[in-house]
Structure formats: C-alpha cells, structure tokens
Amino acid sequence: MRVLKFGGTSVKDAEAMQRVENILEQFTGKLIVVLSATSGTTNILLEMLTFASKGILEEAQKLKNESKKRHFEIIEKLGLMSSNSLIEEIEGVFQNLESLLKGVYYLRETTERASDVAISFGEIISTKIFTEYLKAKNKKCVWFDAREVIITSKDSQNSPSLVRIKNASQLKISPLFHENDLIITQGFIAKDENEIPTTLGRGGSDLTASLLGNALEAEAIEIWTDVSGVMTVDPRTVETAFAQKELSFKEAAELAYFGARVLHPRTIQPAMDKNIPVWVKNTLLPNDFGTLITNESKNIKTVKAIAFRKNITVITVQSTGMFMAHGFLEKLFQIFSKYEIAIDLISTSEITVSLTIDDTKNLEKAKIELEELAKVRVMENLSIIALVGEEIKNSEGFLKKVFTALDKIPIEMISFGASNVNLSLVLPNVNLNEAVRKLHKELFEKEDL
Ligand code: ASP
Ligand code: MG
C-alpha cells in the first residue's frame, strides 16, 4: 500500500483532477489518496471569516458564492451533475458554511475553533468531488473522513498523537481495503482527543500523508505537487535551480524546516521513524523522476540544497556578570520556553548568547523578563540561509566556496557543526537574494562539482 498526497494546485480544477485520475491509473496496488483543498480555497475560507467577524457579511457571502460556483463548475466539467448525492452533499457543506459565517457575524468574533471548522470544508469538498469522479470511472474506491483517525493532542501546537492515529487507522482504514483499491481522504484536517475539530496547521496535508504512511506502514509516501522535486534552491530566486534526485531524511527535514516550501517541515519524521521512502513528484510532469528521500545517504560529501527564511529576529543576550554563571543558560531557556518562543540557531561566547527566533508574538513579554537577567539587544529584518548536505563538514573546499561567494556580504551569525547536515548563516534581508544567488553559483554551477 502506498500513500499519495496531491496538493491544492494538483486538484485546482476539473482538468487537474482528471490528471490526478490518470496518474492513479499507473498504480496497481492499494492506495490511500490524500487531497488538499482546491488551490486558494483555504485562504478564501479564512477571508470569509474575517469579513464576517468584522460585520461585513455580504462580502463574506460573496466569497462563499464564488467558491461555490467554482466547485460546481468542476462538478459540471467532470460530468457529475447527475449525481444527486454529490450535489446534495456539496449544497449541505455550503449551507453549513453559511450558518457558520452568520454565527461569526452575530458574535463579531472568530475563534480558532470556528476557523478550524470553516477551513475543513475545503478538503471535504475536494475529496467528495474527486471520489465521485473515481466512482464514475468505475474505480473501487471509498471516501473516508480523515478526522476519524488523525487525532491531535491538546498542546498548543496540535501535535499529532501517533499512537492514537496508528490504532485508529488500523481499526478503521485497513478493513476498507478488503473491498476497495483506493481510499480517498482529506489532508490537514483533524480532531483532538475530545472530538473537537482541529487542523495540522497550514500546509499540513503532507503531514497527514506521512502520518497515515507511518500508521499503516506504507511501502512509500508520495507527495505530488507542481514542481519536479526538492530543488537546489527556490527557482523564483535563482533561475538555474534544479531538482535533486536523492536526499536523505535528515537533509530533507532540514531543508523543509529552513524554508524549502515543497514539504511541510514535520512531514519527514513519521516517514523516517518507519524508514518509509518519500517521493516528491510533479503532477504536471509525472514522468520526471522527482526526488526520492530515503534513509540512505550515499555518502556524497557535498551540499545538496540551499534553503532560506526571511524576516527572522536575532536576540543577543549579554550576561551582566563578568562571565556566564552556571545556570544562566537554563534561566534563559526557561523564559523562552515559558513564552513558547521556538529558538532556531544559537551561538555563544564567553558572556553573550545570540539566538534566532521566527515568531515574535510573545517577544515583548519575554524581553521584560530577559532584561532582569541580562542586557538584551533585538535585531530585526534578518534572514537565515541554510546550506544542507550530509557530511558537508567533510566536503572538500566547501567552506572556501561559501566564503568566496559571500565576500563583501555582511554576516551577522554563523552556526556550523552542531549537526553534520547544515551550515546556517544569518544576514540582513536586503542581502538575501544576492547571497543566495552567489552561493548557488559557487556551489552548484561550477564545473568541478
Ligand atoms: N489546504 C491547507 C492549506 O492550504 C492544507 C494543505 O493544502 O496542505 O494550508
Ligand atoms: Mg503544501
């Protein structure tokens, strides 16, 4: 059994859904097919809620009607207008959405729960339509509600509860394969232990696929998207970017975490735990090789890709004592943990610690407490560049190439050595594109590589 996930652009309209159906034809074994909402739909659902909560119900309803029209066009083009059960179901979803928008409008407030319910409609609709299309093509398939098995814990991150997911999947999904070849389900949507609707966070459909792959010990997890694999760098920044054919789990995880957009950062771990290969494939060019992510590092000592993230913040904490008394770091980290601020990179010297953070929501509060402890400086408008590759440390001439490329570019912070997989640099946002282009040229476009 394989788990195939198709993202929003892969199901964006009738032609796209037909392409997905064609791709599925190539497979002979059992499949779980995880779909995102049609592209843009999750954003539009969130916009509707914002309008409703601001008291602009007509705008919310206008967006809802447009979305309804778009989805009915897909139904029509796929030749499914005669399916009364599908029409009824989709009408029902839009009626529920209407009620929800009205509720939010009356309360003039949207809560996380309201928004989780509203955005779940996107995936419900795309999977309902696609399942009906497969049935019309005489496929042995069944629609399955992912919330029956994708269960999150009640922590602030909505972390998936692996054991519950495994038990529920084995109990509820496995038997469906007795009579079906294909199980169609939603990415992203979930519920918590108390049956409250949740999600796995934006872009979370990839994670659904790898959670199901892990729970049911799939042969492979395939993430189908609109690019031919994990690229050496974002092609919008560097035109000469190309897809890497193979990556290790560690490399892929690191790249996803530092901003390569093809995979949700948490996708790799569940696959890695069970040593399940992950493919990244292009729905538009299904014959392209794509990227294969496995346990094997072929031990090629070279950099595999460049990822970057803009708008990060560096906090430098200078201990006011002569040197860092013991327990200083512990107190420091306790403050970050208390305010749920995730730290990415750290670099320390005798009396200062610099660290980077992504989310500054609670920074002001944390800063007040940090100032009790030390002198604090906050630097904004910075970017992280991560150069990723197993064993880059041992890659010949690697550091020389990096510093040649970055000559004259101001670097605020470097982190190297904590893992074998990653060299990270922090620099001003304004220098980011230039630095990334020069690094790509030096590391990927020179003959001797
Ligand atoms: N539809 C969700 C989103 O747009 C989840 C996903 O597509 O992965 O974030
Ligand atoms: Mg995605």
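All ligand and atom numbering here is 1-based and tracks the order in the structure. In what follows, residues are counted from 1 in the order of the sequence shown.
- The pair D206-K5 counts as a salt bridge, with a side-chain nitrogen and a carboxylate oxygen less than 4.0 angstrom apart.
- Looking at Q61 and N65, their side chains never bring a donor and an acceptor atom within 3.5 Å of each other.
- Each of the following atoms of ligand 1 lies closer than 4.0 Å to a heavy atom of E123: 1 (N), 2 (C), 5 (C).
- Close to ligand 1: G204, with a non-hydrogen atom less than 4.0 angstrom away.
- Distances from ligand 1 to the non-hydrogen atoms of G203 include at least one value under 4.0 Å.
- Looking only at side-chain heavy atoms (C-beta outward), V402 and L439 come within less than 4.5 Å of each other.
- Where the criterion is an N or O separation shorter than 3.5 Å, residue side chain and backbone included, D206 fails it with respect to ligand 1.
- Not one N or O of K5 is nearer than 3.5 Å to an N or O of ligand 1, by distance alone.
- Those atoms of ligand 1 that come under 4.0 Å of a heavy atom in S36, given as number and element, are 6 (C), 7 (O), 8 (O).
- One option in S126, S10, S205 has a heavy atom closer to atom 6 (C) of ligand 1 than any other, and that option is S205.
- The contact set between ligand 1 and R202, taken as ligand atoms under 4.0 Å from a residue heavy atom, comprises 3 (C), 4 (O), 9 (O).
- Of the charged side-chain nitrogens involved, none lies within less than 4.0 Å of a carboxylate oxygen, so that E59 and K54 do not count as a salt-bridged pair.
- Ion pairing between K250 and E254 fails under the 4.0 Å rule for side-chain N and carboxylate O.
- Residue contacts with ligand 1, taken as heavy atom pairs separated by less than 4.0 Å, do not involve H264 at all.
- Looking only at atom types and distance, the side chain of T110 has no donor-acceptor partner in the side chain of S115 under 3.5 Å away.
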